[in-house]
Amino acid sequence: MKIVIFLTTILAAVESLQYKQGNTYKYTYENEVRLNDKRREETEGAFSDVGLKLGVQLGLSVVWKKEKSQLVKVEFHDAKAFSVLGRSDEQNVFSPVPDTIMSLQPVFFEWNAGKVVNFFVSASETSSSANLKKGIVGIFQVQEKEGSVVETDPSGECEVSYLYQNKGSQIVKVKNLESCRQENPWIEMTHPEKILELSIPGETSASYTLREDGTIQSAVAVETHTTHINLRKTISTYVSSSQTLAFVDSETGGDTLTGDSAESAALSQGDYLKQSLQLIPIDQQCGDECQSASDVVEAYRDGLASDLLAQADSSMAFLELLKAFRSSGKQALMDVLTHDANQEVIPQILDVLASTQTGASWEAAMEVLDFSSEEMAETLERFLVVTAFNSHPTESQVEKLMAIVQEGEVGSEDVQISLALTVGALIKTLCENPEVCSGQVVQDALAVFGDILTAEEESIRKLALYALRNAAQPSSLSAIVELARSEQNQDVIETAVDCMDVFDEELFTKDVKKLLNNFYHQNHRRYSNVIRAGAVFLLLTKNPSRQDVLNIALSLPHLETFELSKFISSKLETLSQADSPAGEVIREVLVSTQAVNYGNIITGGFSKSYRNVLADTGDASVFYELDLQMTGSGLLRKSHFDVDLDAVNDTLKLLSVNLYSTGLESFFGEDTGDQGNVAAGVSVKLMGIQLRPLSFLAGGGNIMSMAWNLGSADTAVSPLHGNVLLHDHSEKLMLQSGVTVNVEVQGCASVDLGGDLDFSLWERTFTTTVFNKGAMSIRGSTSVDVSPLKTGLNYGADAMGVVNFVTSVKFASLPPQFCLQMIQEPLQYRHFVNKFEQSEKSDSEFSADLSSFTYVEDTSFKLFDENSPACREMFGQAAAEKDSGWW
C-alpha cells in the first residue's frame, strides 16, 4: 500500500508541472544581489550591504503543446531597479531603469517534463538583458522526480538533487556548484600554488510551493559565495543572491501558436534565436574611468622610484600599473618604455611588464631587451627573475628563451645562468598541465639541459643542474643521480645533492639511497662535510628506512669532524619532531637504547639545526628553520635560513637563504674535505625557485688583501631586488539568477632580499647577515556589472616589515664566542574596503570607505636555549679584547 501511495504522489507531481494552454499566469519576480566584506549576520546595521535589486511583473502562458513538450511565452512588465540599502526613489542611484538593463521583449522556452530544453530570445536583445531573462526562466525548471539529475541553467551544466515533501506540494532543489561545467568557459587566471590562491566556496538551493492545480505558488532560490585569500581569510567578500517568485493570479485568453515543433513555433514569431540557458560571456568594461598606461605611469611614477623598493608605495604602484598594462596593446606599452621621463624607473616598469603576462607585454619587453648587451646585464637578470614567477606562462615564452640560451649570444655569464633558471621555473608551472608538459617545447628544453649535464666546464654542469632543479620533473632525477655518482668536483656534487631535494620521496629508489649512503659513509672516497650533511638530510626525509636512520645514529661518535657529528645529531632531533611518516620512523629508532646511549650523545659544539614558529595568524602558520654548519675553528661553513608557510593543508617553502664559505678554515690549518679556492656567497630560493647564487668574494688573495689593509669584507649582495606578482586571480561567478559577479585579486611583493659577509682577520671576527626587507600589497574587487549599473567592493591590504638574521663569531680565543640574532623591525599593516553603487545614467553615486591599521612593535626572537647565554657573554662584556689572544 505504501508503494502505491508513493507512486501516486510522484504521478501527481508529474501532472503538477503541466500549465494549461490558453491561460496566462501572472507572477511577481525579484532578483537581488548583495555584496559585503563579511556575512550579513556578522555585520552591524542593516545597511552595510551594497547591491542591486531588480523587480518585474511576469506573464507566463503556454502557447504550444505536444505531449509533455510545451512552449512557454514569458512577458515582462513594469521593470524596476533598486539599491538593497532601501533608500527612497530620490536617493536611489539605480532609478529610473533604462531599457538597456532588461528589455520588455518576451522570450520563449521549451519545457519538457519540467526541464528547460531550449531558450529563444530576440536577436536584438543585449547579452546582459538575455542573461537576466535566463535567470528568470531557470527558476521555472523543476524536475518531475526525486533524486539527482544533470540539468543546464545559467550556472552551467550541473548536478542537482530534488526532494519532494508534503505529497509533492513542496519541493527542495539543491545544486552542487562544484559540478557545474560551462560550454564556453571564460578565461580565468589562477595561481599554481594553492596556498597563494583565492578560495570561493559556494552553495545554492531553491524551495518551491505548488498550488492545488499543480502550478507554482511561490519559489525562493538562494545562492551564496564567500571569497577569501587562503593566507588571510579576513581579506574576504561575501556574495548573496536571491530570487523570489510569487503567484498573483491567472486569467484566460493566452496566445496560441502553431508549428511542427516548439522550435518552429518560437522562431515563427520574428527574429528570434535559439540559445542555451547558460550565460553569454560579457567582458567587463571599465567605462570612462579607464586610464591609459601612460597616464597611470605618470600618476604613480613617484612610487616607482628605486629608493622606495620594498616599501608599500612600490608594491601599490606595481598593482596599479599591472591593471593598466593588462588592458594595453603593444604600442601603448612601447610608448611607456621609450618615454624620456620614465627612463629612471625602467627596471620597475619591466617588473610590471614581466608580470602582465599578455602577448602585447611580452612582445614589448623583448623589443627593448638586448640579451647580447653586457651593460644591460643587471636589468636583464631582474626581468628574468620576475618572469620566473609567472603564474600562467606560455610555451612560446619557453621557446623564445631557449632559443636565446642555445644561440649563445648572451653578453653576460650571469644572464646565461638566470635564463636557464627562469626556463626551468616556467617549465615547472607549465607542467601543471600534463598535456602541455608532454609537448615538444617542454620536452626539447628538458633534453637540452639533460645533455649539457655532461659538459666539460664545471659552470655549465652547474647551470644545467639549477635549471633541472627549478623544472622539478621526475624524468630528470636519474640524470642528476648519475652525474653525482661520476662527478669529481665537490662543488658540483654539492649542487647535485641539493637539487635532489625537490623530487618526491617515491623516486628515491634503493639505487639512489645507496649513492647517498656512499656519500655520507664515504665508502669509496672522501667527501666534504656539506655533501655528507646534505646526503643525511635526504636519507632522513625521503621515505627513510629504520636501518638507515640507525646507521646514521650509530655513526655519530666515529665521525672525524666533531661539528659534523653535532650538526647531524641536532638534525635528527629536529626531524624527529615532524608530524610526518619520516618523523615517525626517526622517533621509533631514537627511542631505542641501541641508537641513543651515553656513547653517542653529542654535546657541545656550535653546529645546530633548529625549527620554531615565526608567526601564527590563525589562517596560516609561518615556521622558520635554521641550520648552522660550523667548522672546528669557529667559522660558518654553511647556513640555511628557511621560512615555510602552512595553510589550507598545504605547505609552501616561501624562502630559503643559504650563506656559505669554503676555504676560510685553511687559514687556521683545518681540513674539512673541501676543494678549490677560498670563496663565500649567498644562494636564495623564493617559493621553491632557485635564483642565481651570488658571490661575496673569491680567492685567497682577496682575503689576504683585507688582512694586510687592516680592513674587513663588507660585501652585501641582493639576489632578489624587485617586485614579484604573488597573487593573481581572475574569475567570473555565474549566478543562477543570470547575474555575473567579477572577482579580481592581485598581490605584489616588493622585496630587497640578500646577505652580507663581514670577515676580518685583523679584528678576528666573522659576521654574516641575512636581510629580508619587504612590502606586500593586495588589491581585489568583487563587483556586479549589469550595464549601465555597477555595484560592488574594492578592497586591499598593505604590509611592510624587515627581518634580519645575524650570525656573529669572535675567534680571538678558543673556544670562539658565538651569537645568533633574529630581529624584526616594526611591522605596519593596513586593511581597507570601499563599497560603491554607480549608474552611468545618474550623476549621484553611493560610496563608503572602511579601514583599519595595525602596528607591531619591533622584537628580537628568542632562539635555542644555548644561544642566549652565548650572546650575553659576547656582547655583555667590554669590547676590548684580552691580551691573551690565542694567536
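On a predicted model such as this, the values are computed, not experimentally measured, just so you know.
- For the atom pair Arg830 CZ and Phe853 CZ, the distance stands at 5.5 Å (nearest 0.5 Å).
- A side-chain N or O of Asn612 and one of Tyr610 form a donor-acceptor pair less than 3.5 Å apart.
- Scored by the ring-ring contact (aromatic ring centres under 6.0 Å, His included) test, Tyr466 finds no partners at all (sequence neighbours excluded).
- Here the closest non-hydrogen pair linking His831 and Thr234 is CE1-O, 3.6 Å.
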Please tabulate, one pair per line, all N/O donor-acceptor pairs under 3.5 Å involving side-chain atoms of residues 533-553, not counting sequence neighbours.
| unit_1 | atom_1 | unit_2 | atom_2 | d |
| --- | --- | --- | --- | --- |
| Thr541 | OG1 | Phe537 | O | 2.7 |
| Lys542 | NZ | Asp501 | O | 2.9 |
| Lys542 | NZ | Phe503 | O | 2.8 |
| Ser545 | OG | Asp548 | N | 3.1 |
| Ser545 | OG | Asp548 | OD2 | 3.3 |
| Gln547 | NE2 | Asn551 | OD1 | 2.9 |
| Asp548 | OD1 | Asn517 | ND2 | 3.3 |
| Asn551 | ND2 | Gln547 | O | 3.4 |

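- Between Leu231 and Val648 the shortest side-chain heavy-atom distance does not fall below 4.5 Å.
- Distance OG1/Thr859 to CD/Glu825: 12.0 Å, rounded to 0.5 Å.
- Between the side chains of Thr769 and Asn804, not a single donor N or O lies within less than 3.5 Å of an accepting N or O.
- In this structure, the separation between CD1 on Ile689 and CG on Leu421 is 9.5 Å, given to the nearest 0.5 Å.
- Taking the charged nitrogens against the carboxylate oxygens, Arg232 and Asp619 have no contact shorter than 4.0 Å, which rules out a salt bridge.
- Put simply, CG on Leu725 and OG on Ser315 are 12.0 Å apart, with the number rounded to the nearest 0.5 Å.
- Contact check on Lys685 versus Asp498 returns a salt bridge, with a Lys/Arg side-chain nitrogen under 4.0 Å from an Asp/Glu carboxylate oxygen.
- For the atom pair CG (Leu556) and OG (Ser569), the distance works out to 5.5 Å, reported to the nearest 0.5 Å.
- Here the side chains of Lys653 and Asp642 are not in contact, with every heavy-atom distance at 4.5 Å or above.
- Using modelled atom types and a 3.5 Å distance limit, the side chains of Ser718 and Asp752 yield a donor-acceptor pair.
- A 4.5 Å side-chain heavy-atom check between Ser750 and Gln311 finds every atom pair outside the cut-off.
- Classification of the Phe641-Tyr624 ring pair by plane angle, with boundaries at 30° and 60°, yields tilted.
- Under the 4.0 Å criterion applied to side-chain N and carboxylate O atoms, Glu625 and Lys571 are assigned as salt-bridge partners.
- Contact annotation: the side chain of Glu381 approaches that of Arg692 to within less than 4.5 Å [non-hydrogen atoms, C-beta and beyond].
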